[in-house]
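A short worksheet on the structure shown next.
In this chain, numbering begins with 1 at the start of the sequence shown.
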Amino acid sequence: MELISTRKCMTRDVGFHGNLFGGVMLSWLDEAGVAFACCTCKTPRMVTAKLSEVEFRKPVRPGQIIRIYGQVLSVKNTSVNLLIEAKRHSTYNGSQKVVCQTKIKFVRIDGDGEPVPVSIYVKEKHKEYCPEIDWKQPPLTTYKEEPKSYLPKDCKE
C-alpha cells in the first residue's frame with residue numbers, strides 16, 4: 001500500500017468521549033482516496049460513487065497521527081476501485097495500528113458530470129487490475145503520444 005495522506009487529530013475533531021468523530025475519519029478517507037484516484041487515473045475529474053462498509057477498530061485521540069494508505073484494486077471502464085486504510089502512527093517508536101479500512105469506488109466524469117472512460121494509458125499501466133481487457137488483442141485505436149496531464153507534478157507516474 002502507498003502512503004497517500006497524513007493527518008493529525010485535533011481537539012476540534014473529537015466528540016464528548018474524547019474520540020475522533022467517525023464522520024471526520026470518513027471525510028479524511030474520501031479526501032485522500034479521491035486524490036489518489038485522480039493521480040492514478042491522470043485526471044482531476046473523479047467523484048466518489050461507492051464507499052463500502054467501514055469498521056472502526058481502534059479509537060483515535062487528540063494529538064495522534066493518522067496515516068492513510070491506498071492501493072488500486074481494479075480499474076474498470078469508467079472507474080477505479082481502491083482499498084483505503086487508516087493507521088494510527090506512533091511518533092515514539094514508529095509502530096502503526098490499523099484504525100479502519102474500506103473500499104471506495106471513484107468514477108471519472110466529464111464537465112457535465114457524466115461518466116467517461118478511463119484513459120487507455122492508465123489501463124495499460126495497471127494491466128494486472130484490468131481483468132476484463134484482453135491485452136493480446138491489438139488496440140482499436142493507436143495513439144502517437146500520451147495526452148498531457150493537468151495534474152500537479154507530485155502525482156506519481
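- Under the 3.5 Å distance criterion, the side-chain polar atoms of R108 are matched with a main-chain donor or acceptor of P117.
- Judged by the 6.0 Å and 45° rule, K42 forms no cation-pi pair with Y121.
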Under 3.5 Å, sequence neighbours excluded: what are the donor-acceptor pairs made by side chains of residues 10-24?
{"from": "D13", "atom 1": "OD2", "to": "M10", "atom 2": "N", "distance (Å)": "3.1"}
{"from": "N19", "atom 1": "OD1", "to": "R61", "atom 2": "NH1", "distance (Å)": "2.3"}

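- The closest side-chain heavy-atom distance from F36 to Q71 is not below 4.5 Å.
- Scanning all heavy atoms of the two residues, the minimum distance from M25 to V99 falls at CE-CG1, 3.9 Å.
- Atom NZ of residue K105 and atom NZ of residue K76 lie 8.0 Å apart, to the nearest 0.5 angstrom.
- Interatomic distance, CG of N81 versus OG of S52, reported as 9.5 Å (0.5 Å rounding).
- Minimum heavy-atom separation, G33 to F106: C-CZ, 3.4 Å.
- Scanning all heavy atoms of the two residues, the minimum distance from C100 to E55 falls at CB-O, 3.3 Å.
- Proximity of M46 to C41: side-chain heavy atoms (C-beta onward) are separated by under 4.5 Å at one or more points.
- The stretch residues 24-34 participates, sequence neighbours left out, in these salt bridge (charged side-chain N to carboxylate O under 4.0 Å, His left out) pairs: R7-E31.
- The two residues I104 and I84 come nearest to each other via the heavy atoms CD1-CG1, 3.9 Å.
- Of all the heavy atoms in R45 and G111, the pair that sits closest is NH1-CA, 3.3 Å.
- Residues A32 and I68 come closest through the heavy atom pair CB-CG2, 3.8 Å.
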